[in-house]
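What follows is one structure encoded as structure tokens, with my remarks underneath.
So you know, we letter chains A, B, ... as the sequences are listed, proteins then strands, and number each from 1.
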Amino acid sequence: MISTLSVANRIQDFVRDGNINDARQLLDQNHKSCDTVAWNSMITGYITHNQMQCAHKLFDQMPVRDVVSWNTMMSGFNKTKDPHKLYQLFLQMNRAGETPNQFTFSTAISGFLNAFDVLVPQLHGLILRLGLHSNVFVGSALMRGYTHLADRESLQRVFDDVVVKDVSTWNALLVGYMELGLTDEAETIFDNMPEVNIISSTTLVNGYIINSKIDQARSIFDDMLQKNVVTWTAMIKGYTQYDNCIEAIQVFILMLKSGVCPNHFTLSTVLDACARCSTFHLGNQLHSCILKKGLHCEVVLLTALIDMYTKCGDIEAGFCVFESMEKKNTVSWNSVIGGCARHGLAKRALCEFEKMIESGFKPDHVTYINLLSACVHGGLVKEGERHFNSMGERYGIKPEMKHYSCMVDLYGKSGELEKAEKLVKEMPFEPDVGVWGALLSACGLHSCYEPANALENLAHDHPTIYSMLVKLHSEKGEWSRAIEMRKKMIEIGARQQKAGSRLDLV
DNA sequence: CTAGGGTTAG
């Protein structure tokens, strides 16, 4: 006869060794005599091996649930990023009369972020009542919550309430201040921390980046004695984000020289840099790197790869990567449809869209921007119109400014200027540069000046609009007005956008 | 047996 304690222990041993089936068999054999710890261990086993359904089923079947059972299940839904299921479980737990503990709150709060941010103050109230506010885990979860809510005072108060702070508590405060845009305060906090680690410094670097202070980020970055893959990736991303892709790639090369190995986060970022400055050579080499490292299952990474290929001119390679993907998501589909649009393959874009729907993916607003811009390139007015009109009722996607400017462009390029103008008048927002630009370029294309005249006083601060007006006036032979426009452009320091083509960097 | 910081794509 085996004691129940040893059943729990043996289940844990099996789980540690990855023998999940043996663990289950043991549980089933001792079904009647098992204690809750054994059941909980089995649930933990399923969760660590990414078998959430099995875990849930077992949770429903177990005879007695304790607070650990609930917490474990909640941590599973946290791991699978399922805030709604997590919330339901939290409610169920309370209904079942189980009192939440510090584990419950730290898991629940972090799982609720982005979905139920508004619950944070209420949970905080509950935490105070249960006297759990001095726990470090609960504290950092709450701090992240208040950061999301942009509530600086509560952030600080929660921090103060954590009596015995550790480095993570301080780091959470750093993140908070940085995300609230308080870079000076964050720097002061950093300087006064009793202990810092690589995460603290990386938080500082990233904080300066998200606050558009790239040079300060670089200065901290350069002073760091130890940098890991996260630090390097943050810096590369910073340069990429502000369109200094050459520097981004150079930092990447420094990273390789320093001996730190890039991961899928790094590679996605560098591919984005390659895409933005058409650095095909490096992008292509990174593809080999991905295959060698066995990263071909990373959806985000492969999507970045598709985007790089299509933006560097190799649409076929883009298709090839896309077809090879075992798992896809909406973004992957969008990027292939966008690739078709850029390459003028309008029919193919429509076709990929149909396939996307057939495969059960839900389009979003980007899908429609890409689809409509494909229609613009292919002059497919009817199809564009059809999709523009149906996106709301079929998928609940409200047309945004970008969709309107695509439609204006579509009508404009195919000579239907009245329809274009009508749409501009009817649209539910104040038209932006994109929309006016599309209309003006249509005027230029079809030598139609009527709508253009009305746009003259809207040209302020928009170099594109100025240059288009100059072009239109010149075409019409109205030289004095063209010159006047040029003068204005010089006055406000507007320059024509520089065109660029491929750059070979490495 | 259960919990927390910094990095990725359209």
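Between Lys237(A) and dA9(B), a side-chain N or O to OP1/OP2 separation shorter than 4.0 Å is present. Between Gln102(A) and dA3(B) there is no side-chain N or O to OP1 or OP2 distance below 4.0 Å. In this structure, Asn71(A) does not reach the dA3(B) phosphate: none of its side-chain N or O atoms is under 4.0 Å from OP1 or OP2. In this structure, Arg144(A) does not reach the dG4(B) phosphate: none of its side-chain N or O atoms is under 4.0 Å from OP1 or OP2.
For a distance-only test at 3.5 Å, the side chain of Thr202(A) qualifies as a donor-acceptor partner of the base of dG6(B). A donor and an acceptor atom sit less than 3.5 Å apart, one in the side chain of Asp166(A) and one in the base of dG4(B). Interface remark: the Asn329(A) side chain does form a donor-acceptor pair with the dA9(B) base, using a distance-only criterion of under 3.5 Å.
Closest to the side chain of Thr169(A), from the set dG4(B), dT2(B), dC1(B), is dG4(B). For Ala304(A), the side-chain atoms get nearest to dA9(B) when compared with the rest of dG4(B), dA9(B), dG6(B). Proximity note for Asn197(A) (side chain, C-beta onward) versus dT8(B), dG5(B), dC1(B): the nearest is dG5(B). Taking the side chain of Ile199(A) as heavy atoms from C-beta on, and the options dC1(B), dG5(B), dT7(B), the nearest nucleotide is dG5(B).
If you measure from atom CD of Glu195(A) to atom C1' of dG5(B), you get 12 Å, rounded to the nearest angstrom.
Backbone-only engagement by Thr72(A) is indicated by non-hydrogen atom pairs under 4.0 Å involving sugar-phosphate atoms exclusively.
Cation-pi geometry between Lys362(A) and Tyr395(A) is not satisfied (NZ or CZ under 6.0 Å from the ring centre, within 45° of the ring normal). For the pair Arg348(A) and Phe319(A), the cation sits on the ring face: its NZ or CZ lies under 6.0 Å from the ring centre, inside 45° of the axis.
By the criterion of a centre-to-centre distance under 5.5 Å and near-parallel planes under 30°, the ring of Phe137(A) forms no stack with the base of dG4(B).
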